[in-house]
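Step one of this worksheet: look at the structure below.
Naming: A, B, ... by sequence-line order, numbering from 1 per chain. Hydrogens, waters and symmetry mates are skipped; everything else that's a heavy atom, side chains included, is used.
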Number of protein chains: 2
Amino acid sequence: MNEIDKKLTDKEVRPTAMRTLVYQQLAKQNTAVALTDIELAFTKADRTTLYRTVKTFEEKGIVHQIDDGTGISKYALCEPGCNCEIENDLHLHFHCSNCDKTVCLTEHKIPQISLPDGYVAEDVNLVVKGICSGCSGS
Amino acid sequence: MNEIDKKLTDKEVRPTAMRTLVYQQLAKQNTAVALTDIELAFTKADRTTLYRTVKTFEEKGIVHQIDDGTGISKYALCEPGCNCEIENDLHLHFHCSNCDKTVCLTEHKIPQISLPDGYVAEDVNLVVKGICSGCSGS
DNA sequence: AAGTTAATGCACTTCCATTGCACTATAATT
DNA sequence: AATTATAGTGCAATGGAAGTGCATTAACTT
């Protein structure tokens with residue numbers, strides 16, 4: 001059993017051929033990708049399958065979904081220390097308005113947010129929009 | 001000329017009957033509303049008109065659009081000191097997963113975010129999801 | 001190998017966002 | 001006041017992404 005299949009098994013996801021390939025594809029990316037992007041990479045596979053594959057990954061904590069404000073859900077593999085389900089350990093995301101790519105700034109943690117009385121936080125989503133390093137030319 | 005029409009004129013928006021009514025409606029809300037909500041309040045008006053009215057408001061800085069992670073755009077009137085276009089003066093939004101309402105926490109400013117070299121921030125969107133004061137029963 | 005369960009593919013639906021075009025109202029000009 | 005120009009509104013239709021139901025196929029279990 002290879003690396004990827006072991007990772008999937010660890011997360012209680014049966015390593016089918018499709019899932020291994022999707023994982024591989026996600027691992028190649030350095031940005032968060034939309035379902036459409038994955039679809040384009042697997043023209044022979046059905047969109048629904050990819051959709052459900054990613055959803056399974058998400059439920060099992062293999063990827064996290066990112067809402068970057070474009071209205072299109074993006075997905076990225078959780079890093080080793082991602083813990084995206086644990087509050088206060090959330091990292092922020094950056095969406096480049098030039099190249100339209102979304103990256104996880106894993107090392108940039110979201111600061112503690114104070115809320116008015118009676119408000120209970122369960123999840124925090126912080127997206128910075130602007131120009132990424134690739135596009136700013138620096 | 002009444003209050004609302006003056007405000008619209010100040011922002012270079014011609015105060016039509018429709019626009020005045022939509023503004024009025026938005027002013028009544030204490031939460032950010034979806035286009036569908038506005039539509040329900042104006043059953044005789046066309047969805048497109050409302051859509052474009054809100055878009056116009058947005059362009060002219062009368063309302064700001066909120067992406068609360070539900071996938072449905074919400075809109076709220078800009079407060080007197082809103083300045084939603086100026087960075088570092090951005091407030092955060094709270095989306096209640098129980099009542100599904102989104103509120104602007106105007107007094108809660110978003111802290112300064114540090115970014116890696118080469119990244120230029122233009123806009124910041126911070127949404128906290130959880131239970132609002134109305135639903136938490138406190 | 002038979003049977004059970006999970007995964008996949010196809011077709012279809014829904015929902016919101018958005019656009020094109022015709023019509024109407026408002027403002028500007030003569 | 002009539003005419004023209006411009007902006008706003010309504011209707012119809014499109015598009016894109018998310019999601020569901022069901023039949024088929026593949027993968028595990030015994």
Side-chain angles (χ1 to χ4, degrees), chain A residues 1-2 4-6 8-26 32-60 62-75 95 100 102, chain B residues 1-2 4-6 8-26 32-60 62-75 95 100 102:
Chain A
M1 189 185 277
N2 66 51
I4 293 177
D5 289 2
K6 194 151 54 190
L8 294 179
T9 309
D10 282 355
K11 297 280 189 177
E12 301 182 319
V13 173
R14 276 162 57 171
T16 65
M18 198 68 251
R19 285 170 176 171
T20 308
L21 287 169
V22 170
Y23 190 101
Q24 230 165 44
Q25 177 67 17
L26 287 169
V33 295
L35 193 58
T36 312
D37 298 326
I38 304 174
E39 209 183 334
L40 289 172
F42 296 101
T43 45
K44 55 259 164 186
D46 188 71
R47 209 182 56 80
T48 314
T49 303
L50 299 169
Y51 169 74
R52 284 195 265 234
T53 300
V54 171
K55 279 291 165 199
T56 304
F57 282 6
E58 193 191 346
E59 279 163 21
K60 299 297 185 176
I62 294 168
V63 304
H64 59 268
Q65 190 188 38
I66 300 154
D67 172 19
D68 62 8
T70 58
I72 299 160
S73 294
K74 303 283 165 61
Y75 302 91
H95 177 72
D100 201 45
T102 300
Chain B
M1 188 184 276
N2 66 50
I4 293 177
D5 289 3
K6 195 150 53 186
L8 295 179
T9 309
D10 282 356
K11 298 280 189 177
E12 300 181 321
V13 173
R14 275 163 56 175
T16 65
M18 198 69 249
R19 285 169 176 173
T20 307
L21 287 170
V22 170
Y23 190 102
Q24 230 164 47
Q25 177 68 18
L26 288 169
V33 295
L35 192 60
T36 311
D37 299 325
I38 304 173
E39 207 183 337
L40 290 171
F42 296 101
T43 46
K44 55 259 162 184
D46 188 72
R47 183 186 167 76
T48 314
T49 303
L50 298 169
Y51 170 74
R52 284 195 266 234
T53 300
V54 171
K55 279 292 168 202
T56 304
F57 282 7
E58 193 191 345
E59 280 162 22
K60 300 297 186 178
I62 295 170
V63 304
H64 59 269
Q65 189 188 40
I66 301 154
D67 173 18
D68 60 9
T70 58
I72 299 160
S73 294
K74 303 284 165 61
Y75 302 91
H95 176 72
D100 201 45
T102 300

Which whole-number value in Å describes the distance from B:Leu8 CG to C:dA27 P?
-> 13 Å
What residues 44-60 of chain A contributes to the DNA chain D interface at heavy-atom separation below 4.0 Å is A:Arg47, A:Thr48, A:Tyr51, A:Arg52, A:Lys55
Length of the CG-P vector between B:Asp67 and C:dA17, whole Å | 11 Å
Would you say C:dT8 has OP1 or OP2 under 4.0 Å from some side-chain N or O of A:Thr16?
-> yes
Separation of A:Tyr75 OH from A:Ile62 CD1 (nearest 0.5 Å) = 14.0 Å
Whole angstrom value for the distance that separates P of C:dA7 from CZ of A:Arg14 | 5 Å
Given atom CZ of B:Phe42 and atom P of D:dG8, what is their separation to the nearest angstrom?
-> 17 Å
Round to a whole Å and report the spacing from CG of A:Asp37 to C1' of D:dA18.
-> 16 Å
Approximate separation, where rounding is to 0.5 Å, of A:Tyr23 OH and A:Asp5 CG = 10.5 Å
Quick one: is A:Ser73 getting a side-chain N or O under 4.0 Å of the D:dA18 phosphate, OP1 or OP2?
-> yes
Please report, rounded to the nearest Å, how far the P atom of D:dG16 is from the CD1 atom of A:Ile38.
-> 18 Å
Separation of C:dT26 atom P from B:Met18 atom CE, nearest Å, is 13 Å
Rounded to the nearest 0.5 Å, how far does NZ of A:Lys74 lie from CD of A:Gln65?
-> 11.0 Å
Are any of the side-chain heavy atoms of B:Thr49 and B:Phe42 separated by less than 4.5 Å?
-> no
Quick one: B:Glu39 CD to C:dA17 P, roughly how many Å, whole number?
-> 10 Å
What's the spacing between B:Asp67 CG and B:Ser73 OG if we round to 0.5 Å?
-> 6.5 Å
Measure from the side-chain N and O atoms of B:Arg19 to the backbone N and O of B:Thr53, and report whether any donor-acceptor pair falls under 3.5 Å.
-> no
Decide yes or no for B:Leu50 and B:Met18: does some side-chain heavy atom of the first lie under 4.5 Å from some side-chain heavy atom of the second?
-> yes
Which nucleotide in D:dC28, C:dA27, D:dT9 has an atom nearest any side-chain atom of B:Arg19 | D:dT9
